[in-house]
Amino acid sequence: MKTKRIWAIMIFLAAAIAVLALLNRPAVDTDAEVLSLVAEGQVLRVYTYGELKELPCVEVEKEIRSAGFKSKEGLWRGVPLRTIFADAGIDLSSYKQVVTRADDSFVSAFSVEEVLADDNIFIAYSFNGHDIGGQEDGGDGPLRIVISKDIFGTRSTRWLYQLELQR
């Protein structure tokens, strides 16, 4: 009788450990290629999720208001666009704008001046201390554009996968 009880407890504990391990896995594969930088049809650089998270980041308390979706207010963490271009060795002075592209075909554009402005546009990968889930998880990511100086979220690209430089 005691042996059966011990086995039952061991099976229960093994199942609990398996469930907790499954729930505690990273939300995003850090080796997954998530962002490409493109200019004139050429891929200049591709970043993995892990590489983006290793770059210097900023944290901004921000509400993104939306007419079509529920507004989101909280602490966003991510990498400034200008930091990403500098890391990739790209000189923005010969370009006029940066176009963002999303998995849902959404496109928005920013002038190079906006991109270079202090504390303005960044690629968020975290919201309130948690990874931004992907579209398949009901999230807005794993990457999302956040514009500190915009009141509304009309250009805050969700499900971001590409930055295109245009002259």
Side-chain angles (χ1 to χ4, degrees), residues 26-41 43-88 90-167:
V28 178
D29 177 4
T30 56
D31 294 328
E33 294 180 345
V34 293
L35 181 68
S36 61
L37 308 182
V38 176
E40 299 172 351
V43 176
L44 305 176
R45 172 81 156 87
V46 176
Y47 281 94
T48 67
Y49 188 75
E51 289 171 329
L52 286 173
K53 288 187 83 171
E54 289 174 4
L55 293 174
C57 68
V58 295
E59 289 185 335
V60 174
E61 190 75 32
K62 169 85 175 147
E63 178 182 12
I64 297 178
R65 298 178 190 168
S66 174
F69 298 96
K70 183 179 174 189
S71 294
K72 287 191 126 173
E73 183 174 10
L75 185 65
W76 298 90
R77 171 181 245 182
V79 182
L81 282 187
R82 67 184 188 170
T83 300
I84 292 169
F85 290 119
D87 179 73
I90 297 170
D91 179 11
L92 294 177
S93 65
S94 62
Y95 297 98
K96 289 187 178 180
Q97 67 179 2
V98 176
V99 175
T100 65
R101 298 190 190 285
D103 286 335
D104 66 345
S105 300
F106 181 81
V107 175
S108 69
F110 302 97
S111 70
V112 168
E113 291 78 21
E114 288 178 294
V115 171
L116 293 175
D118 287 337
D119 302 322
N120 191 22
I121 303 170
F122 65 99
I123 295 178
Y125 52 74
S126 172
F127 177 68
N128 288 334
H130 301 285
D131 288 340
I132 301 172
Q135 190 172 10
E136 63 281 354
D137 302 321
D140 295 333
L143 303 176
R144 179 179 185 153
I145 291 287
V146 174
I147 307 117
S148 302
K149 297 176 182 176
D150 274 3
I151 295 173
F152 296 100
T154 54
R155 297 187 299 163
S156 294
T157 308
R158 304 181 315 155
W159 310 306
L160 176 71
Y161 75 88
Q162 185 181 79
L163 300 175
E164 180 186 350
L165 295 160
Q166 295 182 345
R167 294 191 195 272

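On a predicted model such as this, the values are computed, not experimentally measured, just so you know.
- Atoms CG and CG, from Leu81 and Leu116 in turn, are 9.5 Å apart once rounded to the nearest 0.5 Å.
- Using a 4.5 Å heavy-atom threshold, the side chains of Leu52 and Ile84 count as touching.
- Taken from CD in Gln97 to CZ in Arg167, the straight-line distance is 13.0 Å, to the nearest 0.5 Å.
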(request) Could you please spell out the steps behind the side-chain contact (heavy atoms from CB on, under 4.5 Å) verdict for Glu51 and Asp87? (result) CA-CA 11 Å; Glu51 289 171 329; Asp87 179 73; over 6 Å; no
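- Side-chain atoms of Trp76 come within 3.5 Å of backbone atoms of Lys62 as a donor-acceptor pair (strictly under, hydrogens ignored).
- A donor-acceptor contact shorter than 3.5 Å is absent between the side chain of Arg158 and the backbone of Ala102.
- Taken from OG1 in Thr100 to CG in Leu160, the straight-line distance is 6.0 Å, to the nearest 0.5 Å.
- Rounding to the nearest 0.5 Å places CG of Leu35 at 4.5 Å from CD1 of Ile123.
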(request) Check the pair Val34, Thr48 against side-chain contact (heavy atoms from CB on, under 4.5 Å), reporting the backbone distance first and the verdict last. (result) CA-CA 5 Å; Val34 293; Thr48 67; 5.8 Å; no
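- In terms of heavy atoms, Pro56 sits closest to Pro80 at O-CD, 3.8 Å.
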(request) Dump the intermediate steps for side-chain contact (heavy atoms from CB on, under 4.5 Å) on Val38 and Leu44, then the final yes or no. (result) CA-CA 5 Å; Val38 176; Leu44 305 176; over 6 Å; no
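- Using the six-membered ring where Trp is involved, Tyr125 and Tyr49 have ring planes that are perpendicular, over 60° apart on the 30 and 60° scheme.
- At a threshold of 4.0 Å, the pair Asp118-Arg82 counts as salt-bridged, since one of the basic side-chain nitrogens sits closer than that to a carboxylate oxygen.
- Evaluation of the salt bridge (Lys or Arg N to Asp or Glu O under 4.0 Å) test over residues 106-115, restricted to residues two or more places apart or in two chains, returns Glu114-Arg155.
- Of all heavy-atom pairs spanning Val46 and Ser36, the tightest one is CG2-CB, 4.1 Å.
- Summarising the local packing, CG of Asp119 is surrounded by 12 or fewer heavy atoms from other residues, nucleotides or ligands at distances under 6.0 Å.
- Residue Asp131 holds its CG atom at 10.5 Å from CZ of Arg77, rounded to the nearest 0.5 Å.
- Pairing each heavy atom of Phe122 with each of Ser148, the nearest pair is CE2-OG, 3.8 Å.
- Using modelled atom types, no side-chain atom of Tyr95 and backbone atom of Ala39 make a donor-acceptor pair closer than 3.5 Å.
- The distance from the CD atom of Glu164 to the CG atom of Leu37 is 11.0 Å, given to the nearest 0.5 Å.
- Here the side chains of Leu75 and Val60 are not in contact, with every heavy-atom distance at 4.5 Å or above.
- When every heavy atom of Ser108 is checked against every heavy atom of Thr157, the shortest pair comes out as OG-OG1, 3.1 Å.
- Phe85 approaches Leu163 most closely through the heavy-atom pair CZ-CD1, 3.9 Å.
- Residue Lys149 qualifies as enclosed at atom NZ: its count of foreign heavy atoms under 6.0 Å is above 12.
- Between Arg144 and Ser156, the side chains place no donor N or O within less than 3.5 Å of an acceptor N or O (distance only, hydrogens not considered).
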